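Just so it is clear: chains get the letters A, B, ... in the order the sequence lines come, proteins before strands, and each one is counted from 1. Hydrogens, waters and symmetry mates are skipped; everything else that's a heavy atom, side chains included, is used. If you're wondering where the values come from, they're calculated on a predicted model, not measured in any experiment.
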Protein chains: 2
Amino acid sequence: MLPEPFDLLNEDASTPLILAKGEHVFRQGDETRGVFFVVSGAICLTRLTEAGAAVTLHNAKVGGMFAEASLYSDHYHCDAIAVAPSEVIHLSKRAIQTRQREDAAFSEGLTRRLATQVQDYRQLLTLHAVKSANERVYLAVASGRLRGSVTQLASEIGLTKEACYRALKELTDQGELCKTGRGEYALRRSF
Amino acid sequence: MLPEPFDLLNEDASTPLILAKGEHVFRQGDETRGVFFVVSGAICLTRLTEAGAAVTLHNAKVGGMFAEASLYSDHYHCDAIAVAPSEVIHLSKRAIQTRQREDAAFSEGLTRRLATQVQDYRQLLTLHAVKSANERVYLAVASGRLRGSVTQLASEIGLTKEACYRALKELTDQGELCKTGRGEYALRRSF
DNA sequence: AACCAAATATGATTGAAATCATATGTTGCC
DNA sequence: GGCAACATATGATTTCAATCATATTTGGTT
């Protein structure tokens with residue numbers, strides 16, 4: 001259920017929370033309680049700047065986590081609001097910190113997870129810089145990003161789903177990709 | 001001199017490097033040697049896509065660090081180039097990894113640093129998802145991303161410099177921003 | 001079985017940013 | 001001082017993805 005290394009935590013370190021749409025998981029200024037895993041729905045993290053502008057910091061989706069950095073600050077510096085009816089799992093800050101001190105494998109797992117995320121986000125940013133929709137979709141498929149739905153991929157790589165479907169069709173017509181099923185495409189092996 | 005947790009390292013773990021403007025600290029594909037601290041000047045981390053597009057991943061300024069994630073990969077996945085005559089301090093990968101195993105405080109500090117980077121990349125990706133160029137530029141300025149040149153900002157947030165200048169002009173005309181100098185803009189305080 | 005919501009798929013039109021072009025301002029350098 | 005490189009700045013045109021529209025398929029629910 002939980003991603004590494006959080007699967008190593010004791011059961012009493014995690015608490016499931018059910019949230020209605022619009023409900024807060026935490027607010028800017030609240031004392032930090034820990035990090036969260038999204039089971040269903042979606043959580044949006046926003047912050048108000050000094051000048052009063054609302055800046056979205058992160059949209060946490062199913063399978064994702066948020067507020068990792070809260071482990072290192074006393075108070076949350078943004079609001080976390082459910083943008084749909086959601087279920088999240090709260091992971092206790094104290095339990096994580098204790099485990100981090102006492103278990104080198106857990107500690108390393110956490111650091112490695114963050115490092116992996118940094119790499120993944122960098123790859124995504126590189127993908128976003130590709131101007132052509134066709135090439136962007138091709139590279140996304142080539143780097144194994146078409147796992148879930150095409151709709152999901154589209155949002156991940158910064159295109160509309162329509163543009164994404166069109167690109168997939170054109171790439172298939174051009175022989176760059178081949179369609180392996182409904183919403184499934186594979187690289188055309190060059191041999 | 002060095003920020004946490006790298007100030008805890010032995011002196012022989014660090015090596016100063018002098019760089020001319022345009023010189024590389026490392027290149028994409030180089031075997032990882034460690035992380036770097038900026039003493040003077042500025043280092044820009046960019047990644048070249050297969051299509052040749054340059055994406056700015058990070059602008060490390062005086063007092064900042066870069067390439068923390070290289071500790072968990074064998075090869076650098078971006079170029080680090082001095083955008084001005086610079087002095088950086090190289091921190092040995094081996095020394096860091098050894099210290100990480102032997103010193104819990106050091107290890108925790110490193111994890112905190114990575115968590116902060118994850119936060120930053122998420123914010124950048126969220127920014128890239130904003131369709132309107134004007135709003136994107138406004139939010140970028142609101143979240144303090146206009147530090148270096150407008151050209152740098154444009155590449156960071158996924159716009160051409162022209163579109164970026166135009167947005168800045170329009171936002172200024174609309175009274176959302178105010179121009180504080182050549183290539184310098186500030187939020188219009190609402191009070 | 002019937003129904004609904006969401007994903008898949010594609011066609012037509014539009015609009016906004018990219019591109020191309022040009023000019024001035026600034027900085028560092030020989 | 002003069003030159004080269006780059007940042008700043010804005011105007012004109014083009015292009016390509018967004019948007020709007022519509023139809024079918026699928027999976028889940030009652």
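For B:Leu146 and D:dT8, the CG to C1' distance is 12 Å, given to the nearest whole Å. The interatomic distance linking B:Glu184 (CD) with D:dA7 (C1') rounds to 13 Å, in whole Å. In this structure, A:Leu171 atom CG and C:dT10 atom P are separated by 13 Å, rounded to whole Å. Nucleotide D:dA5 holds its P atom 16 Å from the NZ atom of B:Lys161, rounded to whole Å. Taking atom CG on A:Asp173 and atom P on C:dG11, their separation rounds to 10 Å, with Å as the unit. Rounded to a whole Å, the CD atom of B:Glu170 is 16 Å from the C1' atom of D:dT8. Atom NE2 in A:His128 sits roughly 17 Å away from atom P in C:dA17 (whole-Å rounding). To the nearest angstrom, P of D:dA9 lies 13 Å from CG of B:Leu177.
Mapping A:Arg182 and A:Gly158 onto DNA chain D by nearest heavy atom places A:Gly158 closer to the 5' end of the strand. Annotation: of the two residues near DNA chain D, A:Glu162 and A:Asn134, the 5′-most nearest-nucleotide partner is A:Asn134.
Using the six-membered ring where Trp is involved, A:Phe66 and A:Phe26 have ring planes that are tilted, between 30° and 60° apart.
Residue A:Tyr165 has a polar side-chain atom (N or O) positioned under 4.0 Å from OP1 or OP2 of C:dT8. Not one side-chain nitrogen or oxygen of A:Ser132 sits closer than 4.0 Å to the OP1 or OP2 atom of D:dC16. Using a 4.0 Å cut-off, some side-chain N or O of B:Lys179 falls inside it from OP1 or OP2 of D:dA9. An OP1 or OP2 oxygen of D:dA18 is reached within less than 4.0 angstrom by a side-chain nitrogen or oxygen of A:Thr160. Checking the phosphate oxygens (OP1, OP2) of D:dT19, a side-chain nitrogen or oxygen of B:Lys131 falls inside 4.0 Å. Remark: B:Thr151 is in phosphate contact with D:dT8, judged by side-chain N or O atoms under 4.0 Å from OP1 or OP2.
A:Arg33 is linked by a side chain to side chain donor-acceptor pair (under 3.5 Å) to nothing, counting only residues two or more places apart in sequence or in another chain.
Checking C:dT8, D:dA18, C:dA17 against every side-chain atom of A:Val150, the shortest atom distance belongs to C:dT8.
Atom-to-atom distance recorded for A:Glu4:CD and A:Leu110:CG is 11.5 Å, nearest 0.5 angstrom. Atom CD of B:Gln119 sits about 10.0 Å away from atom NE2 of A:His58, to the nearest 0.5 Å.
Counting distance only, with no hydrogens placed and no angle test, the side-chain atoms of A:Arg166 and the base atoms of C:dT8 include no donor-acceptor pair under 3.5 Å.
Across all strands, A:Leu168 comes closer than 4.0 Å to no nucleic acid atom at all (heavy-atom distances). Within 4.0 Å (heavy atoms only), A:Lys169 reaches sugar-phosphate atoms of the nucleic acid but no base atom.
Between B:Asp120 and B:Arg145 there is a salt bridge, since a side-chain N of the basic residue sits under 4.0 Å from a carboxylate O of the acidic one.
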